[in-house]
Amino acid sequence: MSEPYIRLHNVGKTYQTKNGTIDACSDINLDIKDSEFVAIVGPSGCGKTTIMKMVAGLQPYTSGTITVGGKKVEAPQTDVGVVFQEAIMLDWRDVFENVMLQVDIRKMDRSKYEPVARDLLERTGLAGFEKKKPYELSGGMRQRVSICRALVHNPKMLLMDEPFGALDALTREQISMDIQRLWMETRKTALHITHSIPEAVLLADRVVVMGPRPGRIVEVIEIDLPRPRRLDQLSPKFGEYSTQIRNIFKSKGVLAMD
Ligand code: ADP
């Protein structure tokens, strides 16, 4: 069997605060294969964001080991694209230049990546919006720009932290479809954090179900559904996976997961 691309081995994180220590997560063991799409679903505060930040090298871990591409994570990763809940954009840059920000920060060759940025914008329905400023866009469009920016430098790994959290239901569905399509075209190794069960089942090859704080992995469920998956053509199996995950949460005393 080939080595996993991302490996978390006995990983734990304790935050030191002025009011004492907070155990965000513990005993996290997870292998993510190259080109696999893994979703982590769990209640608020179970350490999902912490795990993503540790994988990205943005937050040190307290115990265990994380490796990406066989190398121990000890500093911010570079071969990565990250999408956060809020689309963080520079108001004085237009849409195109906000995507190119990734290239500028990394001091990469603009001429090489400009066609990539244009292509990504087109593939996410933003052709014609290149010259718009962020404040002229809807929330969904801003998040699409963030996704383009996360992919423009062709990273191996795509990390997404509740990327649809701030969006209305319809826009969430549309952007889920965009993410699925882009992932099918690029096959990035993807880690997607969410508290939405249907979103996790829709997008992931495997869903990691976490229990309440201190977050631990309760179960990892393989989603054996053909792609592309469509929310308007759900199979009974989709419902069964969702029910299975909801029942795990119920058994852990977590009730309100959509
Ligand atoms: P989730 O993404 O599942 O909502 P987080 O990883 O954001 O969970 O947080 C897990 C726990 O760690 C929460 O109790 C949160 O308050 C705490 N926490 C997160 N970041 C910090 C920090 N920088 N300092 C102190 N505590 C933190």
Side-chain angles (χ1 to χ4, degrees), residues 6-30 32 37-68 73-77 80-88 139 143 146-147 150 157-167 172 175-176 179 189-204 206-221 242 244-258:
I6 304 172
R7 165 164 277 180
L8 293 95
H9 180 67
N10 289 342
V11 172
K13 172 73 183 176
T14 303
Y15 288 106
Q16 309 290 342
T17 73
K18 58 179 188 302
N19 299 319
T21 59
I22 295 174
D23 288 326
C25 59
S26 61
D27 293 331
I28 304 295
N29 287 293
L30 180 65
I32 302 177
F37 196 122
V38 169
I40 301 185
V41 64
S44 191
C46 75
K48 302 184 294 297
T49 298
T50 298
I51 290 174
M52 197 203 82
K53 284 185 178 162
M54 291 190 298
V55 170
L58 300 171
Q59 189 66 259
Y61 35 99
T62 323
S63 55
T65 317
I66 301 179
T67 53
V68 172
V73 174
E74 290 171 314
Q77 299 291 291
V80 63
V82 186
V83 183
F84 294 101
Q85 179 170 354
E86 298 287 342
I88 302 156
Q143 202 53 298
S146 301
I147 294 163
M157 174 166 77
L158 178 63
L159 305 179
M160 293 171 280
D161 187 8
E162 301 258 5
F164 320 135
L167 304 174
R172 287 174 82 118
I175 300 194
S176 304
I179 297 252
T189 308
L191 182 61
H192 181 100
I193 307 290
T194 180
H195 62 257
S196 162
I197 296 170
E199 188 180 297
V201 176
L202 179 76
L203 290 172
R206 283 188 300 148
V207 175
V208 175
V209 183
M210 290 190 64
R213 220 185 85 206
R216 283 169 203 270
I217 295 175
V218 183
E219 211 159 315
V220 180
I221 296 168
S242 301
Q244 186 185 355
I245 297 171
R246 202 163 286 117
N247 287 340
I248 296 170
F249 286 128
K250 270 194 203 146
S251 75
K252 295 283 160 193
V254 179
L255 296 173
M257 300 289 293
D258 65 352

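Numbering of ligands and ligand atoms starts at 1, following listing order.
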- Please name the pair of heavy atoms, one in Pro43 and one in Met210, separated by the smallest distance, quoted to 0.1 Å. CD-O, 3.4 Å
- Item | Donor-acceptor contact present, side-chain Ser63 to main-chain Gly12, <3.5 Å | yes
- Min side-chain heavy-atom separation Leu191-Ile40 under 4.5 Å: yes
Output block, N or O contacts of ligand 1, threshold 3.5 Å exclusive:
| from | atom 1 | to | atom 2 | distance (Å) |
| --- | --- | --- | --- | --- |
| ligand 1 | 2 (O) | Thr49 | N | 2.9 |
| ligand 1 | 2 (O) | Thr49 | OG1 | 2.8 |
| ligand 1 | 3 (O) | Gly45 | N | 3.4 |
| ligand 1 | 3 (O) | Cys46 | N | 3.1 |
| ligand 1 | 3 (O) | Gly47 | N | 3.1 |
| ligand 1 | 3 (O) | Lys48 | N | 3.0 |
| ligand 1 | 3 (O) | Lys48 | NZ | 3.0 |
| ligand 1 | 4 (O) | Gly45 | N | 2.7 |
| ligand 1 | 6 (O) | Thr50 | N | 2.9 |
| ligand 1 | 6 (O) | Thr50 | OG1 | 2.5 |
| ligand 1 | 8 (O) | Gly47 | N | 3.1 |
| ligand 1 | 14 (O) | Arg213 | NH1 | 3.2 |
| ligand 1 | 20 (N) | Tyr15 | OH | 3.4 |

- Message: I'd like to check the side-chain contact (heavy atoms from CB on, under 4.5 Å) partners of Thr14; sequence neighbours left out, ordered by chain and number.
- Response: Gln16, Thr21, Asp23, Thr62
- Report yes if some heavy atom in the side chain of Val83 is under 4.5 Å from a heavy atom in the side chain of Gln143; otherwise report no. yes
- Task: For Val41 and Phe249, work out which heavy atoms get closest and say how close.
- Result: O-CZ, 3.8 Å
